[in-house]
Amino acid sequence: MAVSHAGSMLTLANAEPWDYYERLRDEGGILWDDELQSWLVLSYEPIKEIALGEHELWDLPYVSRDDGEPPLGLTAQAWQDFVGYGSPRFLMTDRGDDHVRQHRWWMRAFSPRVLTQWQETLFRPIVDEEIDRFARAGRAELVADYARRVSPRVISAMLGLPHDDADLMARVEQLISARFAAKHMISLPNPDPAVIERAFRATDELKEILEPLVDERRAPDGDGLISMLWRDAPLVFGESWEPIDILAAAGVAWEGGTDTTASSTANGLQLLLSRPGLYDLIRGGDEELVRRFVEETIRLYGPVLFRPRVAREDVEVGGVQVKQGQQVLVLIVAANRDPDHYPDGSAVDLERRAPRDHLSFYFGPRSCPGQALARVELEAIFTQITARLPDLRLDPDAEPPRYTGTMTRRWAPLNVLFTPAP
Ligand code: HEM
């Protein structure tokens, strides 16, 4: 069945799309969208099925395809230079066994032991220092003044890079956003050439910034993920690895872990400030409750709205026939409220039987390898903000938050008031 409405989900970029998704879902869990030239997948079970068929039945549109044709009319080399910083062994474009090997390493790298250590020595101090910056003012805009500052620092710290260099952090965040914008546009019709051009320039500048920093971390006993990569390089990338693979891996961590976690921070804070009683509940400091709140934040307002996949062969999914080469857009946030899976999908329920079974970190072979890191970071943020700013509230006289963005989505601005710290 084709979508029979005038607009597409893109027209909802500045609104809450849940009613719209429910109307679409009533027409079927999978629908063809003429405007986007893609199938929209809104239901939980078909998305899991697609995720499990990764590599065999489905690929990201921008992984090296069988026909060898890169997107945007680029040569293979230009594409590799852009998307993978020039590395031919890049996690997000690798497939099959090469991908499985890298992905497994990443999942192991964020072990509970390593994360517990980083939480105490790196993440909590950053989370607190960034609260110190505005705590005496009595007011703040928490997206710019807090959320967008913490996550680049956390990623940078875990990589072993100079996270207290504020100018560097701000610049890298801008450059990563430029790449992010272009990569998401690739799955949509008529990508804007100016956005693509900006992303190319950003990639060159990022390489210049990262090269010396990555090189400095060669020492065999260094801390942080870049040093771990130098040590484990043949395991991660195979015997024919090169230093550019390490730079690209640092880039992918920054790309995967900054905008996503900053948006989740904003979305969690908006939930805390808008659902009666929730702030005081989380302020109690009960660790299990905070953990459950993090999952509900990510389920309800997961920052990644949708992901594209292309069928490698004709395949039936959720009762429709998808032809080889056709694209599906899996609407993660719609599936996370699928009434067939979640009886009361729109509620914040801190007692869900399986709090982690949402799709916000995707699922299967390409599930997010940074999810354990994102969880500990968000736990630290919500614990510390609620404990240190006990009467935090939205400023009734300031611009209210709106749910904005196309690919990743966040509540902004978050203008707040609170009793200034002494
Ligand atoms: C709340 C925060 C986060 C969310 C919601 C999130 C979500 C996702 C999703 C949906 C994917 C699958 C993309 C796809 O294959 O189409 C993904 C992949 C990925 N994420 Fe995250 N992510 C988060 C945080 C992080 C962090 C902190 C890192 C840091 C290392 C990270 C690194 C990655 C990487 C490297 C991939 C690519 C995996 C692959 O292609 O095998 N993410 N993430």
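Indexing begins at 1, ligand by ligand and atom by atom, following the structure's order.
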salt_bridge(Glu242, Arg89) N-O dist < 4.0 Å:
yes
Going by an N to O cut-off under 4.0 Å, is there a salt bridge joining Lys183 and Glu255?
yes
Partner of Leu394 by side chain to side chain contact (heavy atoms under 4.5 Å, CB included), out of Leu273, Asn415, Leu269, Leu142:
Leu273
Please state which protein non-hydrogen atom is closest to atom 38 (C) of ligand 1 and give its distance, to 0.1 Å?
Pro369 CD, 3.5 Å
Which residue supplies the protein heavy atom nearest to atom 15 (O) of ligand 1, what is that atom called, and how far is it?
Arg309 NH2, 2.8 Å
Salt bridge check, Glu288 against Arg291: does any charged N sit closer than 4.0 Å to a carboxylate O?
yes
When you measure from atom 6 (C) of ligand 1 to every protein heavy atom, which one gives the shortest distance, and what is it?
Phe361 CD2, 3.7 Å
The closest protein heavy-atom partner of atom 23 (C) of ligand 1 is Thr260 OG1, 3.5 Å
Quick one: look at Pro303 and ligand 1, take heavy-atom pairs under 4.0 Å, and tell me if it's side chain, backbone, both or neither.
side chain
Ligand 1 atoms in contact with Met92 (distance to a heavy atom under 4.0 Å)
37 (C), 40 (O)
Looking only at distances, please establish whether an N/O atom of ligand 1 is found under 3.5 Å from an N/O atom of Gly256.
yes
Heavy-atom contact under 4.0 Å between Ser264 and ligand 1?
yes
Options Ser367, Ala253, Ser151, Ser360, ranked by nearest heavy atom to atom 29 (C) of ligand 1, top entry:
Ala253
I'd like to know if Asp204 pairs up with Lys207 as an ion pair, taking the criterion as any Lys NZ or Arg NE/NH1/NH2 lying under 4.0 Å from an Asp or Glu carboxylate oxygen.
no
Which atoms of ligand 1 sit under 4.0 Å from any heavy atom of Leu60?
16 (O)
Any side-chain heavy atom of Thr383 sitting closer than 4.5 Å to one from Glu287?
no
Can you tell me which residue and heavy atom of the protein come closest to atom 26 (C) of ligand 1, and the distance to 0.1 Å?
Gly257 CA, 3.3 Å
In terms of side-chain heavy atoms, does Tyr342 have a donor or acceptor partner in Asp357 at a distance below 3.5 Å?
yes
Any His99 heavy atom less than 4.0 Å from ligand 1:
yes
Just jot down the ligand 1 atoms closer than 4.0 angstrom to any heavy atom of His103, in number order.
41 (O)
So if I apply the side-chain hydrogen bond (donor to acceptor under 3.5 Å, both in side chains) rule between Asp94 and each of His103, Gln102, His99, which one comes out positive?
Gln102
Does Arg133 make a cation-pi contact with Tyr146 (under 6.0 Å, within 45 degrees of the axis)?
no
Do Tyr301 and Trp18 have their ring centres less than 6.0 Å from each other?
yes
Can you tell me which residue and heavy atom of the protein come closest to atom 40 (O) of ligand 1, and the distance to 0.1 Å?
Arg366 NH1, 3.0 Å
To the nearest 0.1 Å, how far is atom 16 (O) of ligand 1 from its closest protein heavy atom, and which atom is that?
Arg307 NE, 2.5 Å
Closest approach of any protein heavy atom to atom 20 (N) of ligand 1, naming residue and atom
Cys368 SG, 3.2 Å
Between the side chains of Glu173 and Arg149, is the shortest nitrogen-to-carboxylate-oxygen separation below 4.0 Å, so that they form an ion pair?
no
Counting both backbone and side chain atoms, is some N or O of Gln371 under 3.5 Å from an N or O of ligand 1?
no
